[in-house]
4 protein chains.
Amino acid sequence: MKIVLAYSGGLDTSVLLSWIKEAYDAEMIAFCADIGQAEELKGLEAKAKRTGASKIYIDGKGNDQVRFELTAAALAPDLQVIAPWRDERFRKAFPGRQQMIKYCKRREIPVQASAKKPFSMDRNLLHISYEAGILEDPWMDAGNKKYHGSFTTLSVFPEDAPNKPEFVTIDFKKGNAVAVNGKALSPLGVMKALNKLGGKHGVGRVDMVENRYVGMKSRGVYETPGGAILHFAHRQMESITMDREVMHLRDSLVPKYSELVYYGFWYSPERLALQSLVEESQKNVTGTVRVKLYKGNIMVAGRKSPVSLYNPRIATMEADPTKAYNQDDATGFIRLNALRLKVAAKVQRKK
Amino acid sequence: MKIVLAYSGGLDTSVLLSWIKEAYDAEMIAFCADIGQAEELKGLEAKAKRTGASKIYIDGKGNDQVRFELTAAALAPDLQVIAPWRDERFRKAFPGRQQMIKYCKRREIPVQASAKKPFSMDRNLLHISYEAGILEDPWMDAGNKKYHGSFTTLSVFPEDAPNKPEFVTIDFKKGNAVAVNGKALSPLGVMKALNKLGGKHGVGRVDMVENRYVGMKSRGVYETPGGAILHFAHRQMESITMDREVMHLRDSLVPKYSELVYYGFWYSPERLALQSLVEESQKNVTGTVRVKLYKGNIMVAGRKSPVSLYNPRIATMEADPTKAYNQDDATGFIRLNALRLKVAAKVQRKK
Amino acid sequence: MKIVLAYSGGLDTSVLLSWIKEAYDAEMIAFCADIGQAEELKGLEAKAKRTGASKIYIDGKGNDQVRFELTAAALAPDLQVIAPWRDERFRKAFPGRQQMIKYCKRREIPVQASAKKPFSMDRNLLHISYEAGILEDPWMDAGNKKYHGSFTTLSVFPEDAPNKPEFVTIDFKKGNAVAVNGKALSPLGVMKALNKLGGKHGVGRVDMVENRYVGMKSRGVYETPGGAILHFAHRQMESITMDREVMHLRDSLVPKYSELVYYGFWYSPERLALQSLVEESQKNVTGTVRVKLYKGNIMVAGRKSPVSLYNPRIATMEADPTKAYNQDDATGFIRLNALRLKVAAKVQRKK
Amino acid sequence: MKIVLAYSGGLDTSVLLSWIKEAYDAEMIAFCADIGQAEELKGLEAKAKRTGASKIYIDGKGNDQVRFELTAAALAPDLQVIAPWRDERFRKAFPGRQQMIKYCKRREIPVQASAKKPFSMDRNLLHISYEAGILEDPWMDAGNKKYHGSFTTLSVFPEDAPNKPEFVTIDFKKGNAVAVNGKALSPLGVMKALNKLGGKHGVGRVDMVENRYVGMKSRGVYETPGGAILHFAHRQMESITMDREVMHLRDSLVPKYSELVYYGFWYSPERLALQSLVEESQKNVTGTVRVKLYKGNIMVAGRKSPVSLYNPRIATMEADPTKAYNQDDATGFIRLNALRLKVAAKVQRKK
């Protein structure tokens, strides 16, 4: 039997590699998705092999059991999933961290038997999140000076950012960012460039209490400098190129779309249906946005587009040969939009 | 005949007061709603009377023709609305600003015959907006140093804000802010206090292209320091007191609710229906939020509530006598949520 | 220990009463909610006591494990739920129906050891549902002549209904049916009256494949004569008394509301939030609807209301002193609603 | 100048052809879209030419001013629209029907100078609608025996339909009906076949009060036999082939989509965005539905599909090698879905 283990090289997955190999008498294949952990991937192959893996694949977010398993259900419905945390044998063998460290020592599994960190941390290309430990108290101020050495893997605190603003232009094509400061980049390149620029100016730092799919609330601190700039600039691009009604419709579906992604339903048919609508909504979102980064702030400093729907001439009528807008039109527009309100008001009055 | 004129004392409404009085041979009553214009209201009564009004009422956002008329339709369906901008006689008499200034001089109507401002401006308790003129070009950077004397009625630019952060606590009761820094305040008092605090630190400055009800896009710069703090703090308060599903449902309706308020449908039955839902959603939103204001940033520095739904113990199981969360439960939860995805994947594979 | 058992007196719950009593060494209290099962409740108390219950309560739809347990979670979060179908001991003891029948015989538990029915059936005040067995094939025609003796507990097949139509009037007050054929009735009385009238004419018969909360599709045949008339007549009442925008908003939320009720989230905060909106939407839904029942059809034969928003005079302008609608108004209404479409079309053309 | 007139050959458009030709001194081109009026199109060309048209095009629903003009705005933004009903000169010349008839006589325009019909009527491929006149009273029963000669252009009343049911099978491919009773047909062919079958059995007759875009309510009687069958059968097809979440999402958007079509926004970007979602939702809606038509009823008599998501084996576990559903899974599924309800109930209790 071959078992593929989602492997990070940390204490937990090191124990799992060894324990599952024995418990199931299986050949172990370690898999590590490169989702932007950067330097954390170094030396992973050697470590995996020393711990007992026959092979390791490092390849292409899904950071937890629900997301992994829903994705497996959609892509490989016959795959059998082993989740040792939900296996009583495993939980009995390892009631806590200490037992894991001992187990590794006994078997000479190479882990850094570090003291318990005061919070846990999870990283990918889009963000780093911190949670648990000292962050569990929602009244605790994670921005306090004494934490200025923590929570700063990707970005500085606004107070520590440069005193001089920096301007960045981002080019969009059909809703996708395709260039930063005039330089054409791949999607990965865009994220890396914006993570660096945003991190320097302390933007995209978020402290929130979120609602997990399994039913509980959870407090987390996030660094997402590039994502924050991208989201802000994209909205600015849309503001001059996207139709009003398309925007209102799309916005009403954002909570649903976000929920699906957050819960792990990336490969669900409902996400694909929403994606079709989103893609259709983006076909005109092309142009350039200029933003100013300054001590935690992302501010707009300009937007332009060859397919802009914004035309200041319409209101003023100056030099508008189409005479698209006419003050007289407002009379009928208002009167018909008010008609049902008037009828109802009269009915109420009669009563 | 009595005609009530929505009156501000500026050039336009001064001309209207005089012109309508004559055109309709009517008794003119000037009405000015105090919606937070502050010092702009001084001396208004005397001015109105000198211009020809028999009475003036200054009493308690509806800033334009659509909002005024929809509200009139709902509250006073038989009221006849006179909109001189849509009356050809008026438009012929006053093709531009110069004719208005001459008219006032001729009749000794007291107006400040100022040169045309490079943009227009509109103020109420919640915000000041600037638009038109030099703002019409969406690529123009309204945050440029040379404008640091403009667009700063309620707030400074982030660059000009203090170097030291300031902390503010806001108490909420059933969704409403009831105290700032521990001091109980009326809703008006809360807005005034937060406008001052936020303005000092340069928060709530917005530059946007919006979608007007009459069908065109329009670029505006807003100052809304108090509103920005209130919105941020309220969301933080909700994050520990509001049920996940209620929040997702409410969020999906925010675009509709916003649209109704923005378009002028405050007194519509659909706004009232949504309001019922919103109020029900707020009944548990009680507690305290602490925010940190710093050079344009609003950051959370703590939230607490006597009715918090956030309980870090649930995840860890430590000292949770209810054992509300159990690792084993995840197995069934995931398997049943994945069931339809598996069935569909198998059907696709067979095909 | 006291254990309350949801008890129907059928084979399953008879076995459970006896088995749980022994397995948990507990005092058993049988509970049977009167949700409209009618004659099926007769003799239940004697049967429960003979089977081992110390008490039986028959009192006031929640027909399955999910609905029962979600309701318990919301109303009595500390209540411990025992679900023997999910207890391996129980499943081993009773792999099938035969073992249950034997168990009852051995212990002299009074059950009708009937042969397996070709489908299962579930009844409450609102409907009777049939499923499983011969109904599992979705191509099977449950309306075939040979089944005209089955699936007819509450209603006849349309083919067997009278040849003469029957007219029924229903009075509504704030959205609730309060009288049938002019006779004031309680909500229960309305359902009973309409179930009888509708059943006679074969209306409200539904054959559907539904989507269960636990992730699978399931085919069922329903009889819901009273519910079908009520739903139809209520919509008709709304059509002349409910504002257009309120109706469109409410309709967009119907799938969510239905889902919550169907899944068992009656006592959830999101259902309560939606309920507030629904109640606000109903405050004007007052008047009378006349329907005609004929061989499976429910047809409208009239609707009237003292607060009707329908006014045929508006369109024709005859004798409409308010001149609410004016042909000229359409010009401006259409032009402004078309404005964004024109701007976009011109942008596309230029490109 | 060339003016294209939407022309039906009835009294109104005959007058318009002649009046506009003179009023604008223009060459008139009559355009008549063949949207299923059937025999009403006969002799139209000769009539148009005799009335003054230089050409007539009969080609390819938009039945009123709003729909026509919104479509023109989207497809031909520079086209100038002439709407004589909103032209004061026209309204003065023709205050009523009598003046039109006289005008035609005077100019020998060939119209049937019939007495005023007791209601108006509008026809296309999908339906015939009747409104105004005697239908204006919403309490009037349009199904009364005395009207059995009226409102029956496409269908009979249920009472007059055959006593024997008729079975029809419809094949679907990706959401589109492609065959009736096994015979492959074009979309037009499907509509024609179902209109005939449904009309014979009196199905698809609707009496409703609808909400017009211009703000008023309006009562109409519709015949739409083919559309009713298609809608019913399509839903049945979806019930075994469409994912639950896709269906709930789509259903929540139906009110918006319907509104856009009804109001005339077919060529709007928001309709196109929704269309993308709808098309994605239909890609698996393939198979066969069998319906039974009987005296106004459409009943399902079977549905089957090669890509059915309905699998009765899942529930029973018999012969389900995937063991997709497991009774034990329900425990965790319910416990986690109940978690937030329990936490909230405990918080409320403490309070």
Side-chain angles (χ1 to χ4, degrees), chain B residues 66 73-74 77-80 86 211-217 241-253 256-257 259-260 263 265 268-284 309 321-324 332-344 347, chain C residues 66 73-74 77-80 86 211-217 241-253 256-257 259-260 263 265 268-284 309 321-324 332-344 347:
Chain B
V66 182
D78 293 325
L79 197 77
Q80 200 197 327
R86 306 198 312 256
N211 294 291
R212 293 235 184 110
Y213 189 27
V214 291
M216 66 189 66
K217 286 180 182 284
T241 57
M242 188 182 267
D243 174 78
R244 178 187 76 190
E245 293 300 312
V246 172
M247 191 180 286
H248 292 191
L249 172 63
R250 194 271 319 265
D251 285 353
S252 74
L253 295 168
K256 184 70 190 168
Y257 191 97
E259 187 183 277
L260 291 173
Y263 287 178
F265 288 92
S268 69
E270 65 271 29
R271 212 273 308 166
L272 292 173
L274 283 170
Q275 190 62 38
S276 297
L277 183 147
V278 170
E279 270 162 32
E280 175 71 24
S281 81
Q282 296 296 314
K283 67 183 184 192
N284 199 38
L309 299 174
T322 70
K323 294 188 186 356
F333 180 76
I334 296 170
R335 282 176 56 91
L336 291 196
N337 279 307
L339 183 52
R340 64 187 174 92
L341 304 180
K342 278 190 188 172
V343 171
V347 167
Chain C
V66 182
D78 293 325
L79 196 79
Q80 202 196 328
R86 306 199 310 255
N211 293 292
R212 291 236 185 109
Y213 189 27
V214 291
M216 66 188 66
K217 288 179 181 284
T241 56
M242 188 182 267
D243 174 79
R244 178 187 77 191
E245 293 300 311
V246 171
M247 192 181 286
H248 292 192
L249 171 62
R250 193 271 319 266
D251 286 354
S252 74
L253 295 168
K256 184 69 190 170
Y257 190 97
E259 187 183 277
L260 291 173
Y263 286 179
F265 288 92
S268 69
E270 65 271 29
R271 211 275 307 168
L272 291 173
L274 283 171
Q275 190 63 39
S276 297
L277 184 148
V278 170
E279 270 162 32
E280 176 72 22
S281 80
Q282 297 296 314
K283 67 182 182 193
N284 199 40
L309 299 174
T322 69
K323 294 187 185 358
F333 180 76
I334 295 171
R335 281 176 59 91
L336 291 196
N337 279 307
L339 183 53
R340 64 187 175 92
L341 303 180
K342 279 190 187 171
V343 171
V347 166

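Quick note on labels: first sequence line is chain A, next is B, and so on, each numbered from 1.
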Those residues that, when tested against Leu272(C), pass side-chain contact (heavy atoms from CB on, under 4.5 Å) (two or more places apart)
Glu280(B), Lys283(B)
Quick one: pull up NZ in Lys217(B) and CG in Leu339(C) and give me the separation to the nearest 0.5 Å.
11.5 Å
Any side-chain heavy-atom pair from Glu245(C) and Lys256(B) closer than 4.5 angstrom?
yes
Who are the salt bridge (Lys or Arg N to Asp or Glu O under 4.0 Å) partners of Arg250(C), not counting sequence neighbours?
Glu238(C)
Quick check for you: among Gly332(B), Ala338(B), Gly215(B), which has the greatest number of heavy-atom pairs under 4.5 Å with chain C?
Gly215(B)
Taken to the nearest 0.5 Å, the spacing of Leu253(C) CG from Ser252(B) OG works out to 7.0 Å
Which atoms form the tightest heavy-atom contact between Leu249(B) and Ala273(C), and what is the distance?
CD2-CB, 4.5 Å
Pair count under 4.5 Å, heavy atoms only, with chain C: among Ser276(B), Pro77(B), Ser268(B), highest is Ser276(B)
Rounded to the nearest 0.5 Å, the CD atom of Glu270(B) sits from the OG atom of Ser281(C) at a distance of 12.0 Å
